[in-house]
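Structure, as structure tokens:
Throughout, a chain's letter reflects where its sequence line sits, starting with A, and its residues are numbered from 1.
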Protein chains: 2
Amino acid sequence: MNYVTLLKTKNLKATPQRLTIVEELYTHGHLNIDQLYSALVEKFPSISLATIYKNINAMSDIFFISEVKIPHKKSVYELTKESHAHLVCSECSSVEDIILHSSHLLEEIEKSSSFKVITQNILLEGVCKECQT
Amino acid sequence: MNYVTLLKTKNLKATPQRLTIVEELYTHGHLNIDQLYSALVEKFPSISLATIYKNINAMSDIFFISEVKIPHKKSVYELTKESHAHLVCSECSSVEDIILHSSHLLEEIEKSSSFKVITQNILLEGVCKECQT
DNA sequence: CTGGGTGCAAAGTATTTGCATGAAC
DNA sequence: GTTCATGCAAATACTTTGCACCCAG
């Protein structure tokens with residue numbers, strides 16, 4: 001898949017700044033605003049936080065980027081991908097993706113309530129492999 | 001259970017403002033900062049947002065209140081209770097609690113990763129009963 | 001009485017907006 | 001050439017802090 005083309009189909013220009021945000025997220029998976037800014041300022045010394053925000057918002061609007069809200073922490077951003085859950089380490093703050101087969105869960109909800117689920121947002125806090133000394 | 005006593009055991013004074021926040025959350029389940037402020041200002045016309053924030057923070061520190069972060073929306077607060085999931089309606093923004101038996105989910109995670117889960121944070125977005133015209 | 005709480009104002013942090021210039025197409 | 005993006009500064013929104021006064025215990 002070609003990010004440049006994908007952006008253009010949504011009428012967003014493929015600027016170097018924008019592409020670098022995408023690359024950073026592709027490479028590192030999950031980054032918060034400050035981490036994105038630190039990464040981008042290396043390459044574009046005069047970039048402003050406003051540009052980061054504008055781009056995050058623009059690409060979120062087209063569902064190309066998603067915000068992950070984390071309890072007691074700053075939000076991180078990721079490239080939108082197949083529905084998945086997040087494992088957040090309380091020690092090192094790492095965020096890991098995991099694909100769940102949560103059909104049981106959805107069945108359970110439909111049985112016990114009349115709520116029609118559209119999007120799942122599952123986040124597990126705990127200790128990652130590396131931090132389990 | 002007696003909220004007054006509970007607060008005191010944590011060295012928090014049972015002020016009218018504080019108790020009203022608790023009552024509001026008890027009655028309405030989930031409220032954001034603005035809703036809390038609107039409710040409290042009825043009873044205490046000179047209350048300030050700072051007081052709301054300070055109390056929310058103080059009672060969060062003792063795990064008496066929990067913040068629920070919701071995608072694309074403002075956080076809401078609830079009284080801490082038994083572990084449960086949230087159903088958030090995209091139409092009317094209502095938040096409903098549901099107790100899940102998510103053992104399958106936890107087993108699955110432990111099988112496919114070495115992550116040790118401590119806290120679950122499950123939120124489902126969709127359409128509530130009332131909004132399913 | 002004593003210590004913590006309240007409410008005000010101010011400070012701090014986070015995010016958005018307006019606009020002139022510049023780059024993508 | 002036209003449109004949209006960038007980057008600066010300013011504005012707005014959100015949250016915390018300091019302090020004098022007040023109330024719960």
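A side-chain donor from one of His30(B) and Asp97(B) sits under 3.5 Å from a side-chain acceptor of the other. The closest side-chain donor-acceptor pair between Glu78(B) and His84(B) falls under 3.5 angstrom.
Salt-bridge check for Lys43(B) with Glu24(B): failed, with every basic side-chain N at 4.0 Å or more from each acidic carboxylate O.
A 4.5 Å side-chain heavy-atom check between Phe115(B) and Glu96(A) finds at least one atom pair inside the cut-off. Residues Val76(A) and His86(A) form no side-chain contact, since every pair of their non-hydrogen atoms from C-beta on lies 4.5 Å or further apart. The shortest side-chain heavy-atom distance between Leu7(A) and Met59(A) falls under the 4.5 Å cut-off.
Residues passing the side chain to side chain contact (heavy atoms under 4.5 Å, CB included) test with Lys129(A) are Ser114(B), sequence neighbours excluded. Glu67(B) meets the side chain to side chain contact (heavy atoms under 4.5 Å, CB included) test with Lys69(B), Ser75(B), Tyr77(B); sequence neighbours excluded.
For Cys89(B) against Cys128(B), the heavy-atom pair with the smallest separation is SG-N, 3.4 Å.
Sorted by residue number, the members of residues 41-62 of chain B with any non-hydrogen atom under 4.0 Å from DNA chain C read Ser46(B), Ile47(B), Ser48(B), Ala50(B), Thr51(B), Lys54(B), Asn55(B). Interface residues of residues 69-76 of chain A facing DNA chain C, ordered by number: Lys74(A); criterion, heavy-atom separation under 4.0 Å. Shown for residues 9-32 of chain A: residues whose heavy atoms fall under 4.0 angstrom of DNA chain C, namely Lys13(A), Ala14(A), Pro16(A).
Whole-Å rounding puts the Leu40(B) CG to dG5(C) P distance at 16 Å.
Applying the side chain to side chain donor-acceptor pair (under 3.5 Å) test to residues at least two apart or on different chains, the pairs with a partner in residues 51-65 of chain A are Arg18(A)-Asn55(A), Ser48(A)-Thr51(A).
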